[in-house]
Amino acid sequence: MQEKEMKYYSLIDKVYSEKNLLKAYHRVNSNRGAPGIDGVTVKSFGEKLLEEIERLSEEVKSGEYMPMPLRRVEIPKGNGETRQLGIPAVRDRVVQQSLKEVLEPIFEERFHPSSYGYRKGRNAWQAVEKAKAFASKYGLCNVVELDLSKCFDTLDHEKIIDSVAERVSDGKILKLIRAMLKSGVMEDGVWKATETGSPQGGVISPLLANIYLDEFDQKMKARGIRIVRYADDILIFSKTQEEAREFLAIAINILEIDMKLKVNRNKTRITTLEEGFHFLGFEIVNINRKCEKTSIGNVEKHQRFL
DNA sequence: TCGGACGCCAC
RNA sequence: GUUGUGGCGUCCGA
Ligand SMILES: Nc1ncnc2c1ncn2[C@H]1C[C@H](O)[C@@H](COP(=O)(O)OP(=O)(O)OP(=O)(O)O)O1
Ligand SMILES: [Mg+2]
């Protein structure tokens, strides 16, 4: 009966409780986001709020709830590429929000201390501070910068379910997540299956990504390798360049073989504190150009103060 | 402490 | 037109 073996069995009732669905709606409302495939705006959903919430609650409770297909929107990504958003209908964002509120506290307590992305009370600046501490205080001045290709889009559906199932036994929850992942997407008026990935635009996608990538965090930790992770942006710290090459090979093996992900080789490189490394829009570089010294300057990319 | 509006940043 | 999570800031309201 150890706490670490605790699993959660009945959670679906919290997801479909009208109280939580109502709170979820208010959260969706505060985002002021655009409608999904059905064209129903947050505002018009809110006009028949109690009726809609009651319907959703019944559907989720009975298991007949089916998420609508995603609406596909392409937005430019800084570097000239495009990002494919998958926008769920408002009603589906409400259900996802409610589900997220239930799942988050369960997984949050076990996440790796050096995981910073998408987590309550954590920000990019703290991640950078941790990175500076690893590189300077612990003398781990050889740094691997690593990024994943199309991170959300490449998450394996079965592995997502399995990683959630490690802590959640409620089959209705797992079935609900599966339905969300398999909702498909409308492209040029034609339904297309979603065979991999969690939608960029889905409410629970960031949480699912963290649950999924926690396997990486824990496997690196088990080998005593220091990392800092912000979503799919990863730093790995080591004492020597040789070790950095070894750790990178280990990381690639975990990510690509065990976890079916793709390391973005263009955004992956081995560097040092003296040369400086890039992370979350910062450049972190040792002013003294000596690994042992602790004074580190970081040049801000953006002038955002005042 | 929480909530609303707007803005910026990371992913 | 553009979604989501998290953070920060300015203003306003209990
Ligand atoms: N504007 C956004 N809306 C929703 N999700 C986002 C947004 N920006 C980033 N994300 C999520 C989804 C991405 O898969 C994940 C990692 O971001 P990022 O590395 O910039 O893109 P990517 O991993 O999808 O493509 P790339 O192959 O270019 O790295 O963060
Ligand atoms: Mg990426």
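We name chains A, B, ... by the order of the sequence lines, and we start the count at 1 in each one.
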Intra- and inter-strand pairs of RNA chain C in dot-bracket (Watson-Crick or G-U wobble, both distances under 3.5 Å; | for another strand): ...|||||||||||
Sugar-phosphate only, base, or nothing, as touched by A:Leu85 at under 4.0 Å among non-hydrogen atoms: base
Sugar-phosphate, base or nothing in reach of A:Pro76, heavy atoms under 4.0 Å: base
Integer-rounded Å distance: [N] [atom2] and [X] [atom1]:
X        : N      : atom1 : atom2 : answer
A:Arg71  : C:G1   : CZ    : P     : 10 Å
A:Asp153 : B:dC11 : CG    : P     : 16 Å
A:Asn79  : B:dC11 : CG    : C1'   : 13 Å
A:Asp233 : B:dC9  : CG    : C1'   : 14 Å
A:Arg72  : C:G1   : CZ    : P     : 19 Å
A:Glu283 : B:dA10 : CD    : C1'   : 17 Å
A:Ile37  : C:U3   : CD1   : P     : 15 Å
A:Ile75  : C:U2   : CD1   : P     : 10 Å

A:Lys159 atom NZ, neighbour heavy-atom count above 12 within 6.0 Å: yes
A:Gln96 side chain vs A:Val203 backbone, donor-acceptor pair below 3.5 Å: yes
Just jot down the side-chain contact (heavy atoms from CB on, under 4.5 Å) partners of [X], sequence neighbours excluded, or say none.
X        : answer
A:Glu51  : A:Lys48
A:Glu54  : A:Glu18
A:Ala222 : none

N/O to N/O distances under 3.5 Å, protein versus nucleotides 4-7 of chain C:
residue: C:G4; atom: OP1; partner: A:Arg93; partner atom: NE; Å: 3.1
residue: C:G4; atom: O4'; partner: A:Gly201; partner atom: O; Å: 2.9
residue: C:G4; atom: O2'; partner: A:Gly202; partner atom: O; Å: 2.6
residue: C:U5; atom: OP1; partner: A:Gln97; partner atom: OE1; Å: 2.8
residue: C:U5; atom: OP2; partner: A:Asn31; partner atom: ND2; Å: 2.6
residue: C:U5; atom: O2'; partner: A:Tyr118; partner atom: O; Å: 3.3
residue: C:G6; atom: OP1; partner: A:Lys100; partner atom: NZ; Å: 2.9
residue: C:G6; atom: OP2; partner: A:Arg27; partner atom: NH2; Å: 2.2
residue: C:G6; atom: O2'; partner: A:Arg119; partner atom: O; Å: 3.0
residue: C:G6; atom: O2'; partner: A:Arg122; partner atom: O; Å: 2.9
residue: C:G7; atom: OP1; partner: A:Gly121; partner atom: N; Å: 3.0
residue: C:G7; atom: O2'; partner: A:Asn123; partner atom: ND2; Å: 3.0

Of all pairs that satisfy salt bridge (Lys or Arg N to Asp or Glu O under 4.0 Å), the ones with a partner from residues 176-192 of chain A, not counting sequence neighbours: A:Arg72-A:Glu187, A:Glu158-A:Arg178
Pairs where residues 86-95 of chain A contributes a residue and the test salt bridge (Lys or Arg N to Asp or Glu O under 4.0 Å) is met, not counting sequence neighbours: A:Glu59-A:Arg91
Residues touching RNA chain C, which here means a heavy atom under 4.0 Å, drawn from residues 175-192 of chain A: none
Residues A:Arg55 and A:Glu52 bridged, charged N to O under 4.0 Å: yes
Intermediate values then yes/no, side-chain contact (heavy atoms from CB on, under 4.5 Å), A:Glu81 and A:Lys150: CA-CA 11 Å; A:Glu81 294 170 64; A:Lys150 304 260 163 300; 3.8 Å; yes
Ring pair (Phe, Tyr, Trp, His ring centres under 6.0 Å) against A:Tyr25, all qualifying residues, sequence neighbours excluded: A:Phe45
Please tabulate, one pair per line, all N/O donor-acceptor pairs under 3.5 Å involving side-chain atoms of residues 33-40 of chain A, not counting sequence neighbours.
residue: A:Asp38; atom: OD1; partner: A:Val40; partner atom: N; Å: 3.2

Quiz: residues 254-265 of chain A side-chain donor-acceptor pairs under 3.5 angstrom, not counting sequence neighbours:
residue: A:Glu256; atom: OE1; partner: A:Arg265; partner atom: NH2; Å: 2.9
residue: A:Glu256; atom: OE2; partner: A:Lys262; partner atom: NZ; Å: 3.4
residue: A:Glu256; atom: OE2; partner: A:Val263; partner atom: N; Å: 2.9
residue: A:Glu256; atom: OE2; partner: A:Arg265; partner atom: NH2; Å: 3.1
residue: A:Asp258; atom: OD2; partner: A:Lys219; partner atom: NZ; Å: 2.9
residue: A:Asn264; atom: OD1; partner: A:Asn266; partner atom: N; Å: 3.2

Test: A:Arg226 cationic atom under 6.0 Å from A:Phe237 six-membered ring centre, within 45° of axis: no
Detail all sub-3.5 Å separations between protein N/O atoms and N/O atoms belonging to nucleotides 12-14 of chain C.
none

